[in-house]
Protein chains: 2
Amino acid sequence: MRSPEELTVAFRSAGLKVTPQRQLLFRLLHDNSSHPTADSLHSAATAVMPGISLRTVYQTLTDLTQMGELQSIEVGSGSLRFDPNVSDHHHAVCDGCGDVHDVYITKAPVLRGLDDFSVSDAHIVYRGQCGACSALVATK
Amino acid sequence: MRSPEELTVAFRSAGLKVTPQRQLLFRLLHDNSSHPTADSLHSAATAVMPGISLRTVYQTLTDLTQMGELQSIEVGSGSLRFDPNVSDHHHAVCDGCGDVHDVYITKAPVLRGLDDFSVSDAHIVYRGQCGACSALVATK
DNA sequence: TAACAATTAACAATCATTGCTAATTAGCAT
DNA sequence: ATGCTAATTAGCAATGATTGTTAATTGTTA
Ligand SMILES: [Mn+2]
Ligand SMILES: [Mn+2]
Ligand SMILES: [Zn+2]
Ligand SMILES: [Zn+2]
């Protein structure tokens with residue numbers, strides 16, 4: 001996702017107005033690697049701008065996704081998560097704390113059993129324990 | 001997933017009764033590689049046994065999943081899909097028809113950026129076009 | 001055959017998400 | 001600077017998949 005400043009230009013070019021709500025979301029999302037949900041973003045936004053509606057958060061997330069600035073991922077946590085990192089990568093979900101980490105694959109997995117299928121995209125969801133959660137279990 | 005006959009024994013051993021509804025679902029699921037949803041199973045079941053309730057289908061799917069006879073997978077189609085193939089495999093989803101195919105990986109993908117994370121499971125969802133859908137586009 | 005598990009109908013409830021309306025506010029092109 | 005119009009908001013309703021609940025009925029199996 002581009003910087004708040006670049007998004008300001010991009011939104012205006014797209015005929016979308018740059019409101020304080022949208023600017024706040026630009027800032028909250030920029031360089032955000034926590035893979036937030038709409039709801040967690042709404043909470044973070046409310047702390048700064050009380051009164052911002054969940055509806056507006058959803059709307060802006062949809063806009064950003066359609067503009068290719070965000071990707072939405074589904075890792076089995078029940079709700080969509082939004083990722084300003086639109087590069088080609090995968091995700092690891094901690095079964096302990098639920099945190100989602102970025103994963104980069106060195107080699108594309110070679111497959112078998114897919115004779116007649118042209119793959120355009122692959123997404124891997126790893127599950128396991130993050131470092132912090134492993135440490136917790138060890139000290140218990 | 002084991003055969004209907006074996007499941008009959010397993011259910012009785014688990015203190016669960018073997019009803020016609022459950023037997024029908026055993027049969028509909030055995031060797032079923034279509035990755036059906038609860039709803040599609042209910043439709044198929046209704047064709048054979050009118051009156052079978054969706055609630056019973058859900059309940060039996062939950063039982064089978066808890067017994068390890070089924071796995072449930074989430075491939076982004078909105079609803080859970082159930083898979084009697086509980087071996088270690090992955091899935092390819094056709095963006096044209098929505099069909100879900102099994103995928104077997106020859107080599108485990110090597111990762112980068114996951115220093116402090118112990119992976120217990122990985123699931124890959126491929127997206128693309130199946131043979132039939134590719135052919136359709138070609139003839140249009 | 002009796003105990004009790006399962007099924008069913010008929011709902012309600014959940015949760016994430018989207019839709020809708022009307023009133024109000026405010027961005028920004030000219 | 002102003003007006004057109006988009007955006008926001010409150011306040012709902014609706015969706016769709018899934019789970020919960022109750023009570024009446026049926027069916028399984030020890
Ligand atoms: Mn990511
Ligand atoms: Mn499968
Ligand atoms: Zn963790
Ligand atoms: Zn297809």
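Side chains included, hydrogens not; waters and symmetry mates left out as well; all remaining heavy atoms used.
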> When you get a sec, tell me which of C:dA9, D:dT8, D:dT9 is the closest nucleotide to the side chain of B:S53?
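Out of C:dA9, D:dT8, D:dT9, the nucleotide with an atom closest to B:S53's side chain is C:dA9.
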> Does either side chain, that of A:T56 or that of A:S53, offer a donor lying less than 3.5 Å from an acceptor on the other one?
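Side-chain D/A pair, A:T56 to A:S53: present.
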> Round to the nearest Å and state the distance from A:I52 atom CD1 to D:dA10 atom P.
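The distance from CD1 of A:I52 to P of D:dA10 comes to 10 Å, rounded to the nearest Å.
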> Quick one: is A:R55 getting a side-chain N or O under 4.0 Å of the D:dA10 phosphate, OP1 or OP2?
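For A:R55, the contact criterion (side-chain N or O under 4.0 Å from OP1 or OP2 of D:dA10) is not met.
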> So, OP1 or OP2 of C:dT8: does either fall under 4.0 Å of a side-chain N or O from B:Q21?
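Looking at the OP1 and OP2 atoms of C:dT8, one of them is under 4.0 Å from a side-chain N or O of B:Q21.
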> Distance check needed: D:dA10 P versus A:Q59 CD, whole Å only.
16 Å
> Please confirm whether the ring centroid of B:H91 lies under 6.0 Å from the ring centroid of B:H35.
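B:H91 vs B:H35: aromatic centres under 6.0 Å.
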> What is the distance, to the nearest angstrom, from the NE2 atom on B:H42 to the C1' atom on D:dT19?
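My rounded result for the distance is 16 Å.
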> Can you check whether B:Y58 has a side-chain N or O nearer than 4.0 Å to OP1 or OP2 of D:dT19?
no
> Please report the distance, rounded to the nearest Å, between CG in B:L16 and C1' in C:dC4.
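Interatomic distance, CG of B:L16 to C1' of C:dC4: 13 Å.
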> Any side-chain heavy-atom pair from A:V103 and A:I124 closer than 4.5 angstrom?
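No, their side chains stay 4.5 Å or more apart.
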> If you check every side-chain atom of A:A38, which of C:dA6, C:dT18, C:dT17 has the closest atom?
C:dT17
> What is the nucleic acid contact for B:R12, judged by heavy atoms within less than 4.0 Å: base, sugar-phosphate only, or nothing?
sugar-phosphate
> For D:dT9, take OP1 and OP2 only and decide whether either is under 4.0 Å from a side-chain N or O of A:T56.
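Yes, such a contact exists.
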> Have A:N32 and A:S34 got a donor and an acceptor in their side chains that come within less than 3.5 Å?
yes
> Who does D:dA30 pair with, Watson-Crick or G-U, both distances under 3.5 Å?
C:dT1
> Considering heavy-atom distances to DNA chain D, does B:Q23 or B:L54 have its closest nucleotide positioned more toward the 5' end?
B:L54
> Using atom CG of A:L41 as one end and atom P of C:dA16 as the other, report the distance to the nearest whole Å.
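My rounded result for the distance is 14 Å.
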> Does D:dA7 have OP1 or OP2 under 4.0 Å away from a side-chain N or O of A:T19?
no
> Taking the side chain of B:P20 as heavy atoms from C-beta outward, which of D:dG27, C:dA16, C:dG27 is closest to it?
D:dG27
> Given atom CG of A:L24 and atom C1' of C:dG27, what is their separation to the nearest angstrom?
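So the two atoms are 17 Å apart, to the nearest Å.
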> Any chance the side chains of A:H90 and A:D102 put a donor and an acceptor closer than 3.5 Å?
no
> In this structure, how many angstroms lie between the P atom of D:dT8 and the CG atom of A:L61, rounded?
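A:L61 atom CG is separated from D:dT8 atom P by 12 Å.
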> Between D:dT15 atom P and B:D39 atom CG, what is the distance in whole Å?
16 Å
